[in-house]
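The residues of the chain are indexed from 1 along the displayed sequence. The shown structure was predicted, so the numbers you read here are calculated from the model rather than taken from an experiment. Read the numbers this way: they start at 1 and go in the same order the structure lists the ligands and their atoms.
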Amino acid sequence: MKNTAGSAARPRLLLIGSNGQVGWELRRTLAGIGEVVAASIEGEAGPVVDLMDPSSLARLIDEARPDAVVNAAAYTAVDKAESDRETAKRINADAVAEMAALLAERGTPIVHYSTDFVFSGNLNRAYTEDDTPDPLNVYGETKLGGERALLESGARALVFRTSWVYGARGANFLLTMMRLFREREELRVVDDQIGSPTWSRMLAEMTAMVLYRVLRGDLDLDRVGGLYNLTGSGQVSWYGFASAILEASGLESNLIPIPSSEYQAPAKRPTYSVLDNGRFQEAFGLAMPDWRLSLGQCLEELKR
Ligand SMILES: NC(=O)c1ccc[n+]([C@@H]2O[C@H](COP(=O)([O-])OP(=O)(O)OC[C@H]3O[C@@H](n4cnc5c(N)ncnc54)[C@H](OP(=O)(O)O)[C@@H]3O)[C@@H](O)[C@H]2O)c1
């Protein structure tokens with residue numbers, strides 16, 4: 001495969017946040033298209049990087065000399081961010097701006113992820129990339145800061161806005177529900193927030209397929225770079241998602257739908273944050289599977 005540096009060697013892919021739920025999937029999927037340098041805050045599978053420390057990022061990029069970067073690191077504790085704005089901003093916005101400047105200078109492509117939480121959910125139809133963000137919480141504000149900094153930096157960037165990410169690893173709704181089904185006879189789950197569950201594996205696979213074409217020179221980021229919604233297809237409430245998990249897992253629990261007003265949390269969340277994936281499908285000729293299909297596959301894998 002040719003890489004962007006023009007050599008015949010396998011491209012070097014710097015993966016930042018390789019220990020998160022999406023990062024862990026990316027480690028495997030990106031290995032199919034290049035040599036992965038798996039950086040994380042713990043440094044367990046590669047170099048250490050702490051996005052709180054700008055010099056750590058600059059050093060990492062200097063030493064790794066990547067042909068492309070995938071940034072899966074983020075401050076994702078949505079409720080905690082409300083009382084820890086500075087840290088969330090540093091990791092989700094300032095560090096992304098620094099990354100963007102370093103990579104723009106080098107002409108190195110980057111894939112980064114953002115969130116449906118950049119929207120308030122007041123629109124009542126699927127959001128497109130042209131809709132104006134209006135985040136309700138600190139996490140959404142800081143993620144918006146990061147995506148804007150990257151897109152305005154002149155870096156050759158793809159920003160994938162995703163939502164409701166779950167998988168076989170990490171802190172996510174699927175694993176929390178499976179645990180609670182075993183621990184409790186009755187569970188109350190919010191039924192008036194609607195979104196699109198996204199399997200971390202599918203997000204990683206779509207990323208690898210698109211990046212492969214970028215690195216081969218088949219896709220020109222000067223033409224197709226930018227912001228794309230990328231979520232599982234279809235939509236459901238948290239209660240509906242929990243019901244589907246319960247049914248497919250074969251576990252038992254009494255699920256009770258409740259309104260958001262009965263579930264007190266520090267961060268406000270959008271009531272309807274479905275993202276329209278049309279732009280991604282058109283640009284890359286790829287579509288994410290229906291969320292139910294991915295959930296079934298993920299649960300099959302968990303059972304194995
Ligand atoms: N999860 C969702 O539902 C969701 C929804 C929409 C968008 N997204 C976006 O999707 C992307 C991937 O999210 P995810 O679900 O995979 O998140 P995750 O599981 O929380 O992983 C994030 C990773 O970032 C690392 N990290 C945090 N602070 C860091 C720092 N100072 N320096 C270096 N690394 C640091 C974390 O390390 P530690 O675990 O050691 O702290 C973790 O490995 C993020 O951009 C996120 O905003 C996620």
Set of residues that line ligand 1, where lining means a heavy atom lies under 4.0 Å from it | Asn19, Gly20, Gln21, Val22, Ile41, Glu42, Val49, Asp50, Leu51, Met52, Ala72, Ala73, Ala74, Thr76, Ile91, Tyr113, Ser114, Thr115, Tyr139, Lys143, Thr162, Ser163, Trp164, Val165
Report the residues that fulfil side chain to side chain donor-acceptor pair (under 3.5 Å) with Glu186, sequence neighbours left out, ordered by chain and then residue number.
-> none
So, Thr231 versus Asn277: side-chain donor-acceptor pair below 3.5 Å or not?
-> yes
Got a sec, which pairs hit salt bridge (charged side-chain N to carboxylate O under 4.0 Å, His left out) with one end in residues 85-97, sequence neighbours left out?
-> Arg85-Glu141, Lys89-Asp94, Arg90-Glu98
Distance-only side-chain donor-acceptor flag, Asp191 / Ser237, under 3.5 Å = yes
Decide whether Ser56 and Asp50 meet the rule of one side-chain donor and one side-chain acceptor closer than 3.5 Å.
-> no
Name each donor-acceptor pair under 3.5 Å that joins a side chain in residues 193-207 to protein atoms two or more places apart or in another chain, with its distance.
unit_1: Gln193; atom_1: OE1; unit_2: Trp238; atom_2: NE1; d: 3.1
unit_1: Gln193; atom_1: NE2; unit_2: Ser260; atom_2: OG; d: 3.3
unit_1: Ser196; atom_1: OG; unit_2: Gly234; atom_2: O; d: 2.8
unit_1: Thr198; atom_1: OG1; unit_2: Ser163; atom_2: O; d: 2.8
unit_1: Thr198; atom_1: OG1; unit_2: Ser196; atom_2: O; d: 3.2
unit_1: Thr198; atom_1: OG1; unit_2: Gly232; atom_2: N; d: 3.0
unit_1: Ser200; atom_1: OG; unit_2: Tyr166; atom_2: O; d: 3.2
unit_1: Arg201; atom_1: NE; unit_2: Glu25; atom_2: OE1; d: 2.6
unit_1: Arg201; atom_1: NH1; unit_2: Glu301; atom_2: OE1; d: 3.1
unit_1: Arg201; atom_1: NH2; unit_2: Glu301; atom_2: OE1; d: 3.1
unit_1: Arg201; atom_1: NH2; unit_2: Glu301; atom_2: OE2; d: 2.7
unit_1: Thr207; atom_1: OG1; unit_2: Tyr113; atom_2: OH; d: 2.8
unit_1: Thr207; atom_1: OG1; unit_2: Leu203; atom_2: O; d: 2.7

